[in-house]
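Structure first, then comments.
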Number of protein chains: 2
Amino acid sequence: MKHDVSPDSIPPRGHEAKRASIMDAAGEVFCRESFAGANIDMIAAEAGVSRQTIYNHHGDKEKLFVAIVRDLTERCNAGIFATISTFPDQPKDLEADLIAFAVRMNRNCICNRDGKFLRKLIQTEGERYPELFAEWREQGPGRTWPAIAARFARLAHAGFLDIEDPDVAARQFLALANAELQTTFMLGGTPTDDEVLQSATHGVRTFLRAFGKRQPAADAQKHSALAGA
Amino acid sequence: MKHDVSPDSIPPRGHEAKRASIMDAAGEVFCRESFAGANIDMIAAEAGVSRQTIYNHHGDKEKLFVAIVRDLTERCNAGIFATISTFPDQPKDLEADLIAFAVRMNRNCICNRDGKFLRKLIQTEGERYPELFAEWREQGPGRTWPAIAARFARLAHAGFLDIEDPDVAARQFLALANAELQTTFMLGGTPTDDEVLQSATHGVRTFLRAFGKRQPAADAQKHSALAGA
DNA sequence: ATAAATTTAGACACTCTTGTCTAATCCGTC
DNA sequence: GACGGATTAGACAAGAGTGTCTAAATTTAT
C-alpha cells in the first residue's frame, strides 16, 4: 500500500492465478459430478490447490457454486453478444453468411467449454436455485433473444427476408441450426466441427425456404437444388 | 403354489404395489436431487415404505437407479411409438393435422412426467453411465427418428410435401415444434398447454412454408396470412 | 386359525464429506 | 536476510448416508 500505483485490495499476483485455477476446476467438477456429487477435495486436487485455499477464497461449497454460475453466465453472455455483433446485416451471399453466423454461434457460445458447462449446471441445478437462475434467465435469454430478433427484423426490413414475427423467427433460426445436435447435447457431448456445419447448413437452408424472398436481389434462386451431403 | 393358475414366483399382490410405489418415488427423487443428492430415506419416505423394503426389492442404490432409467426408457418409447401411429398419413387439413400431431407428441411424450424425468436423468447422469445411455440411444432416438422420418417420407411421396431428406425434415419438424419451449425445458419446467400449442402452431407454419407444396391439392394457400398471437 | 412371507422400526458399523484449526512453509518485497 | 500475507498438509469433530442386521408386527393365503 506504499507507493504502489494500484490503490489497495489487490493481493499479489499468485493469488489471482489460484482464484482462476479454482474457478476452472470447480466448473469442471460441478459440471461432471453435479453439486451434490462434487466434493471440495476433488476440486482442490484438480485445481492444484489445497482445500483450505478454496475455503479462504469462497467461504463454503454453496458460495463457490454460486460464484461459478455467475461467472459462467457473464462470460457466456459476453460471447453471445460478441457473436451477435457479427450478424450479417448486409449479406453478400445470404445463405453462406447465415450458415457462417450459425456456426460461429454454435462454436463460440453453445459448444465451447463455458456454454456446455453453463447449460449443464442450469439443467441440473436450476430448480434448486430459483433466484440464481431467474437472474440468468433475465441476463441471458431475456437479453440475447431480443438482440438476435432485432437483427433479423433489420434484415427483413432491408428486403432480404420475409418475416412477420422476428422473435419467433429468431428462435426458429437457432432451433433449426441446432436441430441435429440435440442428442449429442443431451448426453453432454461436444459435436464435431463437421456436425455443427452440417446442422447449420441444413437448418439455414430450411430457414431460407421458409423466410427467403422469392426473388430478393439477384442470386437467391441458385441454392434451391443443392442437396449435397 | 397349489391350485393357483399363476405358476410360481408371483409374490402376494401388495408386493407389486410397493414395487410400483418405490419406482414412482425413486424417479421423482432421483430427478429432483440427482443421483448423488438423492438418499434412500427420502425415497422410502416419499414411497411410504421402509428403507429395508427398498433394499429387499432392488439391492442397492445404483441398481435401483438403473431400474428406474430402464423403466422410464421403455415407457417413453411406448408412448412415442403410440403417438407416431397417429401421424396424419392422409391429412384433411395438413396444417391443422400436423399441429395436432406436434401437440400430441409434446403433451404425451416430451412434457409428461416420464418424458421430463427421463430427459433430466439423461442430461444429468448420462456421462456417468455410458452403456446404460447408449442402450437408451439405440432403443430411443435410434428407432423413433427413423419411424418419424418414414412417415414424412410417405407424406412427401403422396404429394403433400416437398422433401428431399426425410431424416433431416423429421428432426427439423420437432425442433421447430419445440423452438419456443427450450428455456422452459432447460429449467426443468413444464410448459402450459397454451405454450405448447403456440410453439407447435408457429413451428408447423414455418415447416410448411419450407416444405409445403406450392399448389398441393386445393386448400394450401389459405394459411399464409394468419399471424395471430 | 395358522403358517409363510413380507414389511417395519430401530440400532448399528462403516465410510465419506464438510468446515475448522494449527503449525509449518512458501514467496515476493523491503 | 527478514517481514508479512498467503498457502499448505494434516488432524480433527460433527454430521449425514449406505447397507446390514434383528426382532416384532403385519399381511396373505391356506
Side-chain angles (χ1 to χ4, degrees), chain A residues 1-26 28-68 125 128-129, chain B residues 1-26 28-68 125 128-129:
Chain A
M1 306 174 184
K2 312 300 161 58
H3 43 55
D4 197 347
V5 189
S6 39
D8 53 37
S9 77
I10 289 194
R13 288 302 166 273
H15 197 258
E16 284 310 311
K18 300 275 180 194
R19 168 168 245 104
S21 148
I22 292 170
M23 298 294 272
D24 272 14
E28 190 95 39
V29 174
F30 277 134
C31 176
R32 194 175 62 230
E33 313 280 347
S34 86
F35 179 80
N39 68 331
I40 302 286
D41 295 281
M42 225 184 277
I43 296 172
E46 202 143 321
V49 147
S50 84
R51 178 169 65 248
Q52 186 59 47
T53 300
I54 295 182
Y55 284 107
N56 289 344
H57 279 254
H58 290 100
D60 67 16
K61 190 179 172 183
E62 186 153 330
K63 290 204 195 74
L64 173 59
F65 178 76
V66 170
I68 299 297
E125 315 291 346
R128 200 189 319 285
Y129 296 86
Chain B
M1 305 175 186
K2 311 301 160 57
H3 43 57
D4 195 347
V5 188
S6 39
D8 53 37
S9 77
I10 289 194
R13 288 301 166 271
H15 199 257
E16 285 309 313
K18 300 275 178 194
R19 167 168 245 105
S21 149
I22 292 170
M23 299 292 273
D24 271 15
E28 191 95 38
V29 174
F30 278 135
C31 177
R32 193 173 66 230
E33 314 281 347
S34 86
F35 179 80
N39 69 329
I40 302 287
D41 295 282
M42 224 183 281
I43 296 172
E46 201 142 324
V49 148
S50 84
R51 179 171 62 250
Q52 186 59 46
T53 300
I54 295 182
Y55 284 107
N56 288 344
H57 279 255
H58 291 99
D60 66 17
K61 189 179 173 184
E62 186 153 331
K63 289 205 194 75
L64 173 59
F65 178 76
V66 171
I68 299 296
E125 315 291 347
R128 200 190 319 284
Y129 296 86

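Naming: A, B, ... by sequence-line order, numbering from 1 per chain.
Closest to the side chain of B/S50, from the set D/dT18, C/dA9, D/dT8, is C/dA9. Closest contact between the side chain of A/R51 and the listed nucleotides D/dT7, D/dC12, C/dT7 involves D/dC12.
One interatomic measurement links the two molecules: CD1 of B/I54 to C1' of D/dT20, which rounds to 15 Å at whole-angstrom precision. Between the C1' atom of D/dG10 and the CG atom of A/D41 lies a distance of 12 Å, rounded to the nearest Å. The CD atom of A/E16 sits 18 Å away from the P atom of D/dG5 (whole-angstrom rounding). Here the C1' atom of nucleotide D/dT7 and the CZ atom of A/R19 are 14 Å apart, to the nearest Å. What separates CG of B/N39 from C1' of D/dT18 is a distance of 10 Å, to the nearest Å. Taking atom CG of B/D60 as the reference point, atom P of D/dG19 lies 5 Å away to the nearest angstrom. One atom, CD of B/E62, and another, P of D/dG17, lie 18 Å apart when rounded to the nearest Å. The nearest whole Å value for the distance from the CG atom in A/N56 to the C1' atom in C/dC21 is 12 Å.
Under 4.0 angstrom from either OP1 or OP2 of D/dA6 there lies no side-chain N or O belonging to A/H57. Within the 4.0 Å cut-off from OP1 or OP2 of D/dT27, not a single side-chain nitrogen or oxygen of B/K18 is found. Side-chain nitrogen and oxygen atoms of B/T53 include at least one within less than 4.0 Å of the OP1 or OP2 phosphate oxygen of C/dT8.
Within the nucleic acid shown, B/A36 has no heavy atom closer than 4.0 Å to any nucleic acid atom. At a threshold of 4.0 angstrom between heavy atoms, the contacts of B/H58 with the nucleic acid are absent.
Although no hydrogens or angles enter the test, the distance criterion places no donor-acceptor pair under 3.5 Å between the side chain of A/S34 and the main chain of B/S34. Between the side chain of A/K61 and the backbone N or O of A/F35, at least one donor-acceptor pair lies under 3.5 Å.
In this structure, A/E46 pairs ionically with A/R32, as a charged nitrogen and a carboxylate oxygen lie closer than 4.0 Å.
Just one of B/R19, B/Q52, B/K63 meets the side chain to side chain donor-acceptor pair (under 3.5 Å) condition when paired with B/H57; it is B/R19.
In terms of heavy atoms, B/A38 sits closest to B/V29 at CB-CG1, 3.6 Å.
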